[in-house]
**Q** 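To start, I am sharing the structure in question, which I have written as structure tokens.
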Amino acid sequence: MITLGIESSCDETAIAIINDKHEILAHQLITQYKEHSIYGGVVPEIASRAHLEYMDVLLKQVLVDAKISASDIDVFCAGVGPGLIGGLIVGANMAKSLAFALNKPFIPVNHLEAHSLMPMFFNPELKFPYLLLLASGGHTQILIVHDVGNYELLGTTIDDACGECFDKVAKMLGWDYMGGKDIETFAKNGNPTAFDFPRPLLHSKDLNFSFSGLKTAVRQTIEKIGDNMTNETKADICASFQSAVCEIIEKKIKSAIKQIKNLNIKHLVVSGGVARNFAIRTVLNNIANKNGMKLFVAEPKYCSDNGVMIAFAGEQNFLHGKKSDFTITPRPRWPLEELKND
Ligand code: KG4
Ligand code: ZN
């Protein structure tokens with residue numbers, strides 16, 4: 001079975017073709033960095049136009065790369081939410097049009113489910129149910145993944161998402177948008193105990209996160225330092241900030257493992273763009289080892305938005321009996337827990 005997946009929920013236009021042996025036949029991705037960086041963030045209208053401009057270029061290229069024609073594809077998928085509505089419409093319409101013209105199924109994909117299942121594409125030994133930390137630019141959630149389309153939410157952020165907090169701190173330090181990776185790079189040369197930033201909700205009994213107080217504390221520190229900011233101080237801020245995030249994640253995942261002890265879940269997964277962060281991966285790996293669990297995480301470039309994750313989630317949904325549905329329209333908001341009712 002050959003599946004094509006389209007990702008266009010934010011600022012990455014991506015198309016991939018995979019087969020059901022977990023092989024990538026083609027994957028193309030264009031980051032709209034140059035379109036948005038001058039504005040300091042993603043401009044939805046510009047993103048939609050760029051998706052439209054890049055989509056057919058990428059489609060032609062993936063067919064050449066995979067050495068197949070569109071009629072060889074069995075299932076067409078697109079991420080239809082959550083995300084920026086204009087981009088989602090572009091991707092969904094492309095996949096629907098191809099499926100309609102070739103009389104093939106169209107499978108709408110939840111972007112968060114695509115992140116959640118991605119590590120399974122590379123690690124077939126990863127089995128349901130697993131404990132998941134989903135940490136991206138828009139979401140920070142702890143869930144039990146019982147099966148494809150069956151998610152149980154244990155905790156979520158009550159304000160900013162983890163990736164969003166990384167991005168905002170990066171912006172305060174003068175870096176471009178999507179600056180999470182810059183923080184990680186600078187943190188390597190900094191002292192994680194130089195600044196004592198708060199760890200909101202660290203001792204709360206629930207599994208919810210809060211990052212806005214941490215962000216505000218970093219802002220106040222940067223304002224206080226003012227013109228005396230050096231690269232060394234920036235590195236210390238990054239290291240101290242990242243250390244606070246790691247401690248928050250460590251505490252919440254440890255509590256989650258305690259809470260689900262009776263379920264005997266042996267697999268832990270971290271996915272979403274923040275899963276690229278090596279310090280966070282290390283913390284989670286240590287927790288997994290100490291609790292007799294195994295951590296699964298996709299290789300870094302497949303933690304961020306990509307076409308393979310959409311193709312794989314679409315394929316898995318199709319194999320689980322999800323029917324082709326041309327009536328579905330993109331959804332800016334689409335929580336994972338709602339998949340059970342669809
Ligand atoms: O999953 P993703 O590519 O897009 C969304 O669905 O949101 O995640 C993007 C987020 C951004 O906030 C970005 O700064 C963050 O992932 N990110 C990182 C790192 N690389 C990307 N955060 C921390 N450390 C990193 N190395
Ligand atoms: Zn994403």
Side-chain angles (χ1 to χ4, degrees), residues 5-14 16 29-33 36-37 40-42 44 47 51 78-84 87-88 91 109-119 132-141 156-157 160-173 175-188 190 209 211 214-215 218 237-239 241-246 248-249 269-284 297-310 312-313 331-336:
I6 299 179
E7 159 60 28
S8 58
S9 67
C10 190
D11 61 340
E12 252 112 27
T13 318
L29 181 149
I30 298 178
T31 298
Q32 301 172 8
Y33 178 75
H36 303 292
S37 57
V42 179
H51 285 304
V80 302
L84 300 173
L88 295 172
V109 171
N110 179 300
H111 181 89
L112 303 174
E113 172 156 64
H115 275 304
S116 309
L117 299 179
M118 184 79 269
L132 168 70
L133 171 67
L134 174 60
S136 66
H139 294 82
T140 308
Q141 301 188 327
T156 188
T157 179
D160 291 352
C162 185
E164 182 185 0
C165 189
F166 266 93
D167 294 338
K168 286 180 175 163
V169 168
K171 213 167 181 181
M172 291 172 207
L173 290 168
W175 295 318
D176 265 334
Y177 87 105
M178 296 279 188
K181 57 181 180 334
D182 302 313
I183 299 217
E184 182 177 15
T185 306
F186 255 66
K188 285 185 185 129
F209 296 92
F211 291 102
L214 170 59
K215 175 191 69 185
V218 176
I237 291 173
C238 290
F241 164 74
Q242 189 174 270
S243 160
V245 172
C246 284
I248 294 166
I249 287 176
V269 168
V270 56
S271 65
V274 179
R276 295 180 77 122
N277 187 291
F278 190 71
I280 294 173
R281 284 171 178 241
T282 306
V283 162
L284 292 171
V297 52
E299 66 175 270
K301 72 172 171 181
Y302 293 108
C303 293
S304 300
D305 294 349
N306 66 82
V308 178
M309 69 182 201
I310 302 293
F312 183 59
R331 299 172 61 169
R333 204 186 149 273
W334 190 8
L336 274 174

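Every heavy atom of this structure was used, including side-chain atoms; hydrogens, water molecules and symmetry mates were not. As the structure lists them, so they are numbered: ligands from 1, and atoms in each ligand from 1.
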**Q** For D167 and G179, indicate whether the former's side chain and the latter's backbone hold a donor-acceptor pair under 3.5 Å.
**A**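 Yes: the side chain of D167 pairs with the backbone of G179.
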
**Q** Taking 2.8 Å as the upper limit, name the protein N, O or S atoms near the Zn ion (ligand 2).
**A**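 The answer, once waters are left aside, is H111 NE2, H115 NE2, D305 OD1.
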
**Q** Within the side chain of T140, is there an N or O that forms a donor-acceptor pair under 3.5 Å with the backbone of T156?
**A**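 Judged by distance alone, no pair lies under 3.5 Å.
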
**Q** Over 60° means perpendicular and under 30° means parallel, so tell me whether Y177 and Y33 are parallel, tilted or perpendicular.
**A**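 Ring orientation, 0 to 90° scale: parallel.
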
**Q** Between A298 and C303, which heavy-atom pair has the shortest distance, and what is it?
**A**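 Heavy atoms of A298 and C303 come nearest at O-SG, 3.4 Å.
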
**Q** With distance as the sole test, does E7 use its side chain to make a donor-acceptor pair with the main-chain N or O of S9 at under 3.5 Å?
**A**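 Side chain of E7 to backbone of S9: a pair is present.
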
**Q** Which protein N or O atoms sit under 3.5 Å from any N or O of ligand 1? Give each pair with its distance.
**A**
| residue | atom | partner | partner atom | Å |
| --- | --- | --- | --- | --- |
| ligand 1 | 1 (O) | H115 | NE2 | 3.1 |
| ligand 1 | 1 (O) | G273 | N | 2.9 |
| ligand 1 | 1 (O) | D305 | OD1 | 3.4 |
| ligand 1 | 3 (O) | D305 | N | 3.1 |
| ligand 1 | 3 (O) | D305 | OD1 | 3.4 |
| ligand 1 | 4 (O) | D305 | OD1 | 3.2 |
| ligand 1 | 4 (O) | D305 | OD2 | 3.3 |
| ligand 1 | 6 (O) | H111 | NE2 | 3.2 |
| ligand 1 | 6 (O) | D305 | OD1 | 3.3 |
| ligand 1 | 7 (O) | G137 | N | 2.8 |
| ligand 1 | 8 (O) | G273 | N | 3.4 |
| ligand 1 | 12 (O) | G163 | O | 3.1 |
| ligand 1 | 12 (O) | D167 | OD1 | 3.3 |
| ligand 1 | 12 (O) | D167 | OD2 | 2.7 |
| ligand 1 | 14 (O) | D167 | OD1 | 2.5 |
| ligand 1 | 14 (O) | G180 | N | 3.3 |
| ligand 1 | 24 (N) | N277 | ND2 | 3.1 |
| ligand 1 | 26 (N) | E184 | OE1 | 2.7 |

**Q** Does A161 offer a backbone N or O that forms a donor-acceptor pair with the side chain of E164 under 3.5 Å?
**A**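 Yes, because the side chain of E164 sits within donor-acceptor range (under 3.5 Å) of the backbone of A161.
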
**Q** Would a distance-only check, ignoring hydrogens and angles, find a side-chain to backbone donor-acceptor pair under 3.5 Å from R281 to A275?
**A**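 Yes, the answer is positive, given that a donor and an acceptor are paired below the 3.5 Å cut-off.
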
**Q** Any donor and acceptor pair, going by atom type alone, linking the side chain of T31 with main-chain N or O of E12 inside 3.5 Å?
**A**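 Side chain of T31 to backbone of E12, a donor-acceptor pair under 3.5 Å: no, none is there.
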
**Q** Less than 4.5 Å apart, side chain to side chain, heavy atoms only: is that true for N277 and Q242?
**A**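 Yes. Closest side-chain heavy atoms under 4.5 Å.
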
